[in-house]
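Here is the structure we will look at.
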Amino acid sequence: MKPEIVRTLRALREAVAGWKRRGESVGVVPTMGALHEGHLSLVRRAVEDCDRVIVTLFVNPKQFNDKKDLEAYPRTEEEDRELLRPLGPDILYVPDAGEVYPEGFATTVSVGRVSEGLCGDFRPGHFDGVATVVAKLFLQTAADKAFFGEKDYQQLQVVRRMARDLDIPVEVVGCPTIREEDGLAMSSRNRRLSPEDRATAAVLPQTLMAAAESIESGADPTGAIGTARQRLRDAGFEPVEYLELRGADDLAPMTQLDRPARLLVGAWLGNVRLIDNVPVTPLN
């Protein structure tokens, strides 16, 4: 029954080669598992857009700069497969670390500019790990389209730049952030929040959206961001690693709203690091 679980590159390539011979388009949804509605929305989009769909499940050790964070990341393969079954993807690709990084592996893909600042400052090496594994997954799956959520907006821009710079023939499709009823962006990390912190977590998107609306209405970005930072601290977020206005296309820092932008935040609540972002659009 779908999705078929494939664990080796050889088996994956045999399946993809058959699809390609029949002229079928291939979509890929890269994940680290612990699937939630955000991931499932990407799979639905992929199934809608492509003839064949591969969902990858690989907890990539190269994108964790904290060993404890890697160890704490949930592994829920059977639950994930059950969630995917009614959506109809063809393959769940679940390689082990040795399949992705065989003995002697010595290559790192590093993307400049869009990886700098924001999460790049606080998670050294993270985006090198992301770019390296995603480049491999693009080449292994030979996908025509790849689907990523906008919640990890900096990651989305890193992946787009990497594929463009390396001439990998895949269209990187960004899909809207899926939120809980109270506005919190869906994330596998949310399940690690205590009940008290989960109730507080909704302050993050509320503050972000209020600051974006203020900037769109003509408020000075520096002042609006300062107010938002203080509101987060008052609610119990500590530290607030960043809260910045960046260009939507290039993630360059902005001090005035003169083109489409994103307001991005990274902050800790208890022992869980949360990130989010919203668009900020000039009125004229």
Side-chain angles (χ1 to χ4, degrees), residues 27-46 49-50 53-56 58 60 62-64 109-123 125-139 141 143-179 184-189 204-205 208 212 241-254 259-266 273-281:
V28 64
V29 181
T31 84
M32 294 202 299
L35 302 184
H36 51 67
E37 182 56 34
H39 297 110
L40 302 184
S41 71
L42 302 180
V43 177
R44 293 189 190 97
R45 175 69 184 276
D49 285 7
C50 303
V53 173
I54 301 164
V55 178
T56 72
F58 178 62
N60 177 31
K62 289 189 178 292
Q63 69 189 71
F64 287 84
V109 178
S110 183
V111 180
R113 297 184 182 178
V114 292
S115 68
E116 297 165 3
L118 305 171
C119 285
D121 279 352
F122 294 93
R123 303 187 69 186
H126 169 71
F127 287 121
D128 288 355
V130 169
T132 301
V133 76
V134 173
K136 294 206 68 172
L137 292 173
F138 284 175
L139 296 170
T141 61
D144 300 289
K145 292 186 177 183
F147 299 83
F148 290 82
E150 290 185 345
K151 183 190 78 81
D152 296 293
Y153 194 79
Q154 188 175 18
Q155 172 180 278
L156 173 62
Q157 299 306 100
V158 167
V159 169
R160 280 178 168 158
R161 173 51 60 186
M162 176 273 295
R164 190 178 305 133
D165 287 354
L166 297 183
D167 301 317
I168 300 176
V170 60
E171 178 186 350
V172 178
V173 180
C175 301
T177 300
I178 303 299
R179 298 184 179 276
L184 183 65
M186 289 189 176
S187 170
S188 303
R189 296 175 187 273
L204 188 71
L208 200 63
E241 291 182 341
Y242 63 83
L243 178 52
E244 297 185 30
L245 187 69
R246 297 281 186 122
D249 292 333
D250 58 7
L251 290 182
M254 297 175 61
R259 59 192 175 99
R262 284 272 166 169
L263 191 61
L264 304 102
V265 65
R273 184 177 185 272
L274 299 175
I275 64 171
D276 202 349
N277 71 90
V278 294
V280 189
T281 306

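All values below come from the heavy atoms of this structure, side chains included, with hydrogens, waters and symmetry mates left out.
None of Ile168, Val130, Val170, Val114 except one satisfies the side-chain contact (heavy atoms from CB on, under 4.5 Å) rule with Val159; the exception is Val130.
Closest approach of His126 to Gln63, counting heavy atoms only: ND1-O, 2.7 Å. Counting all heavy atoms, side chain and backbone alike, Asn60 lies closest to Gly129 at ND2-O, 3.0 Å. Of all non-hydrogen atoms in Ala261 and Met254, the two that sit nearest each other are CB-SD, 3.6 Å. The two residues Phe147 and Gly27 come nearest to each other via the heavy atoms CE1-CA, 4.2 Å. Shown here for Gly149 and Leu156, the closest heavy-atom pair between the two residues is O-CB, 4.5 Å. In plain terms, the two heavy atoms of Asp128 and Ser110 that are nearest each other are OD1-OG, 3.0 Å.
Looking at Thr132, its side chain does come within 3.5 Å of a backbone N or O of Val109 through a donor-acceptor pair. Not one N or O on the side chain of Tyr153 forms a donor-acceptor pair closer than 3.5 Å with the backbone of Leu263.
Applying the side-chain hydrogen bond (donor to acceptor under 3.5 Å, both in side chains) rule to Asp249 yields no partners; only residues at least two apart in sequence or on another chain are considered. Checked against side-chain contact (heavy atoms from CB on, under 4.5 Å), Arg113 has no partners two or more places apart in sequence or in another chain. With sequence neighbours left out, the side-chain contact (heavy atoms from CB on, under 4.5 Å) criterion links Glu116 to no other residue. With sequence neighbours left out, the side-chain hydrogen bond (donor to acceptor under 3.5 Å, both in side chains) criterion links Gln154 to no other residue.
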What donor-acceptor contacts under 3.5 angstrom involve side-chain atoms of residues 30-43, with partners at least two apart or in another chain?
residue, atom, partner, partner atom, Å
Thr31, OG1, Gly33, N, 3.0
Thr31, OG1, Thr56, O, 2.7
His36, ND1, Gly38, N, 2.9
Glu37, OE2, Arg44, NH1, 2.5
Glu37, OE2, Arg44, NH2, 3.4
His39, ND1, His36, N, 3.1
Ser41, OG, Gly38, O, 2.6

- Task: Could you give me the CA-CA distance, side-chain angles and deciding distance for Ser187 and Arg273, then say whether side chain to side chain contact (heavy atoms under 4.5 Å, CB included) is met?
- Result: CA-CA 11 Å; Ser187 170; Arg273 184 177 185 272; over 6 Å; no
- side chain to side chain contact (heavy atoms under 4.5 Å, CB included) between Leu118 and Glu244, worked out: CA-CA 8 Å; Leu118 305 171; Glu244 297 185 30; 3.9 Å; yes
- Query: Would Ile275 and Gln155 satisfy side chain to side chain contact (heavy atoms under 4.5 Å, CB included), going step by step from the backbone distance to the final call?
  - Reply: CA-CA 12 Å; Ile275 64 171; Gln155 172 180 278; over 6 Å; no
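How far CG of Leu245 is from CG of Leu251: 11.0 Å, rounded to the nearest 0.5 Å. Once rounded to the nearest 0.5 Å, the distance linking OG1 of Thr281 with CZ of Arg259 reads 12.5 Å. Atoms NZ and CZ, from Lys136 and Phe58 in turn, are 9.0 Å apart once rounded to the nearest 0.5 Å. Annotation: the span from Phe127 atom CZ to Met162 atom CE amounts to 12.5 Å, rounded to 0.5 Å.
Screening residues 149-158 for salt bridge (Lys or Arg N to Asp or Glu O under 4.0 Å), with sequence neighbours left out, gives Glu150-Arg262.
Val172 is listed as a side-chain neighbour of Phe138, based on a closest heavy-atom distance under 4.5 Å. Counting heavy atoms from C-beta on, the side chains of Val265 and Leu204 come closer than 4.5 Å.
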